[in-house]
Each structure stands twice: as C-alpha cells, then as structure tokens.
Amino acid sequence: MRLRPRSIRVRDTLIAAVISLLAFSALGVTLDVIIRDVGTAQMLRENQLAARRISGAVRDGTMRHPIPDDPAGLVLQVVGPDRRVRASTAIDAWRPPVSARRPAVGERVVDYVECDVPEYRGCMLVEAIRATTAPDSVVVYAAQPMPVVFTAGLLEWILTAVVLVLSTLTSWTTWKVVGRTLRPVEAIRAQLSEISASDLSRRVPQPAGEDEIAQLARTANETLDRLERSVARQRQFSSDASHELRTPIAALRANLEDASMHPDDTDLEAVVRAALRDTDRLESIVTDLLLLARIGTGGAVAQEVIDFAELVRLEVRRRASGVVIRIAVDARPAVRGVRMQLVRLLHNLLDNAERYAESCVEVAVSETDGQVVLTVTDDGSGIPEQDRERVFERFTRLDTARSRSAGGTGLGLAIARDIATAHGGSLRIEESLLGARFALRLPPADHS
Ligand code: ADP
C-alpha cells in the first residue's frame, strides 16, 4: 500500500497537522499541570493556616463554638472520634462533617479532595489535622470548594478544545500557504506540458522575486532558450546540408539526362568522369556529415596516449603539394585522444593552409602555459578579422569558387573545432603578420 500522498499540499498539511497536534498537546498537558498547581497552592495555604489556628485553640482549650466565620469563607469543623461535629463556623452548624476520612494516628495532617459528601456540592479541597497525638483526638477540618474548572475534568476539556482549534488553524494555514506557494509551480508545469518541439518560442510564467520557484522558472526558460537555439541550428544545418547535397546531385542528373537524350553526341568517357567527380563530392560531404554527427558523442571510440609532435611530423611528411612546409618542434608532448580524429584535424588545417598559401606554411609544436600548442601559419591572403569565428560554422566558405573547385565541403573547420573541443581543447584563428594562423590548444596527456 502506498502511504505517501501524491500531492505535496496534502502531504505538508498532514505533517503540519501531526506536528502541531503533538506540540500543542504537550503544551496543553504542561499548562494543565501548572494551572492546577498554581490554582490549588493558594487554597491549600488558606486551609493550612485556618486548620492550624483551630487545632492550636483546641490544644490550648480556647476553642469555642461556633467558630468565628473565616474571611475566605472556609468550612471549619472540629469533629470528635464519634463523628459528631463539636464545633464549626456558624453557617455550617447544621451540616455533617465535611469529610468522613480521619487522618491515621501517625499521620496527623492530610490534604485531599473530597467529592463524596452530598451535603457539600461539588468537590472540596480539605485539610484534616489531628488536634493531639491521642488516638481519640478530635480532628480539625478546614475545607473550601474546588473551583468548577478543576472538577469533572472541565479544565482538560477546555485545554483539549484549545489544542484542537490551534492544530486545525495551523493545518488550515499550511494548506493555504502551500497552495499559494505551489500555484506558480502548477502554472509552470501546465505551460511546459503545452510546449512542444514545434513551438519552442513559448516561455513559462516568471514569478517576481528571487526565490527557488522564480529560479526554477528562470532555469526552465533558459533551457527553453538553449533548446530553441539548438533546434534552429539543427534545422539550419539540415537545410544547408540538403542544399549542399543538391548541387552535385543536380549536376549528376543534368549530365545523365543529357547523355540519355543525345546518346550519339555524348562522350561517354567524359560523362562517366563527371559523374564520378560528382559522386566523389557527394561521398565526401556525406562522410563529413557523419563524422560531424559522431564527434564528441563518446561511443566506442578508443582513446590513446599519442606522441603529438610525431603525429604532426608524420602528417606533414605525407604532403606532396608544391608548397613548402617548415616544421618547428619545441617539445615532445603527449596528448590523450582518438588518433583518427586528431589526424583528421591536422589534415583539415594543413589542407587549408596549402590551399590558401602563396608559397610556404609554418607548423610549430610547443608546450605553453601547461597546454600543448600547435600553430599552422600560411603566407596567403589571411582571413579578415570579422570572419574569424564565422569560418568555423558549418558550410561557411569565404571564397566559394576556390573552395568548391578544390573539393572543399565547407565542413573542414567545423569538424576541426568539434574535434578540438571534444578533446578538451580549443581551435582559434590568431593574429599573424602574414596570411592566416590557426592555433590549436590541447591538454597534455597527464592532465586530461
Ligand atoms: P572548405 O572545405 O571550404 O575549405 P573549411 O571549413 O575548411 O571549408 O573552411 C571554411 C572557409 O574558411 C574556407 O572556404 C575559406 O574561405 C576559409 N579558410 C580556411 N582556411 C583558410 C586559410 N588558411 N586562409 C584563408 N582562408 C581560409
């Protein structure tokens, strides 16, 4: 059985009800004891004084009947061992003994509440004193009625009622306060449940202030902002990718249609060569897109410790363009990463450098500020300051004709940066005297 109520409001109210009931009950019991003690202490003192005065008079032989009326209205009686009233206050002259109980011989004085004598209405607080130590001594009674509130459990009933009212009030207040506190949460929930992937422009209501609920709403809205931007980026990317794929497909189709319509005028070898070129291009775009989708997703790619300078040397040595590549290695740092991806990163940077260089490219590996740094600098026309972030976006080409003709997909730098980020590093374009300088920073193997 499930005992936890599903509603926070019900749960909190139940907790408040139980705690307040326990706390107020404890307070009620304490109050009951205190009120009774304080209330009867004064009466006991009055009884004691009067009883002692009269028992002294009995012993001195100065006892007279009737006993002068007590200013506090006490019932005062001197009762013999035969249970006859020998002396009493005038107004009680005709009444029987206020109590049937006689203190035992060794006891002398007793205080108690007597409720069993019908001639005295209600209960009486009694002090009984044996006047002398003789077994047949008279007993002096000093008694006064107990206040009604102390009898028949009235005080306890009143305190119980107060405890119940206070607990109910506490529970009701809790119910109201929790309800009001949770109202904005419900509004946020309702709005969130209506927001779908197709309509990410809506935001949850933002309550005023800085409390936890306001922070929850702000965080939810920030998450929605990020989600909206990310969905917009994905849409843009899909549309860019489709556009990029459409160009070679259109060229391929036009070529093939032309060949099928005019088979006699067609140079079949040229058509096949062109079709292969377009297919190559399609293949490289699709390969790049797949790579982009995979980078940084973790998966089953194996990380290894790699001699980074050696990796750069190998990549540079593989190049066979007419451009001179100079390499300077200041350190032999190791990095931890996916070899294939790092090779791809170097490949993209060196490809671009060779493509845009006039005559030479400089590659340098060093360890600076606890980071492994690779710079690739060419002596080409460089990249204008305002485009230095844009070139890392997917399908950005500053020099469309040159890039396309060289087989560029416009994804090279986006892939390179994603690989750098997935390895805990960064890739940026830095200021250089001549051409463009790309700086890659990676954490060394022991720090990553
Ligand atoms: P692409 O496949 O077109 O080379 P990249 O993402 O590698 O795509 O590069 C994006 C754009 O950045 C290129 O089209 C080019 O305009 C510019 N670019 C990249 N590297 C260099 C460089 N070394 N010098 C000048 N421009 C460059």
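Source: prediction; values computed, not measured. Computation of the quantities below employed the complete heavy-atom set of this structure, encompassing side-chain atoms and omitting hydrogens, waters and symmetry-equivalent molecules. Order of appearance sets the numbers: ligands from 1, and atoms from 1 within every ligand.
Within the 4.0 Å heavy-atom criterion, both parts of L398, backbone and side chain, lie near ligand 1.
Residues satisfying the side-chain contact (heavy atoms from CB on, under 4.5 Å) test with A17, not counting sequence neighbours, are S171. With sequence neighbours left out, A270 forms a side-chain contact (heavy atoms from CB on, under 4.5 Å) with D267, R273.
Heavy atoms of F392 come nearer than 4.0 angstrom to ligand 1 in no pair at all. Taking a 4.0 Å cut-off on heavy atoms, R355 registers as neighbouring ligand 1. Using a 4.0 angstrom heavy-atom cutoff, N348 does not count as in contact with ligand 1. G380 does not count as a contact of ligand 1, since none of its heavy atoms falls under 4.0 Å from the ligand.
By the 4.5 Å heavy-atom criterion applied to side chains, L125 and N47 are counted as neighbours. Looking at heavy atoms from C-beta onward, R428 lies out of side-chain contact with R388 at the 4.5 angstrom threshold.
Checked by distance only, ligand 1 and G410 come closer than 3.5 Å through their nitrogen or oxygen atoms. Considering backbone and side-chain N/O of G382, none are found under 3.5 Å from N/O of ligand 1. Considering backbone and side-chain N/O of A414, none are found under 3.5 Å from N/O of ligand 1.
Heavy-atom neighbours of R326 CZ from other residues, nucleotides or ligands within 6.0 Å: at or below the threshold of 12. Open room surrounds CG on L433; 12 or fewer heavy atoms of other groups in view lie less than 6.0 Å from it.
Atom numbering of ligand 1 starts at 1 in the shown order; those under 4.0 Å from a heavy atom of L413 are 5 (P), 6 (O), 7 (O), 9 (O), 12 (O), 19 (C).
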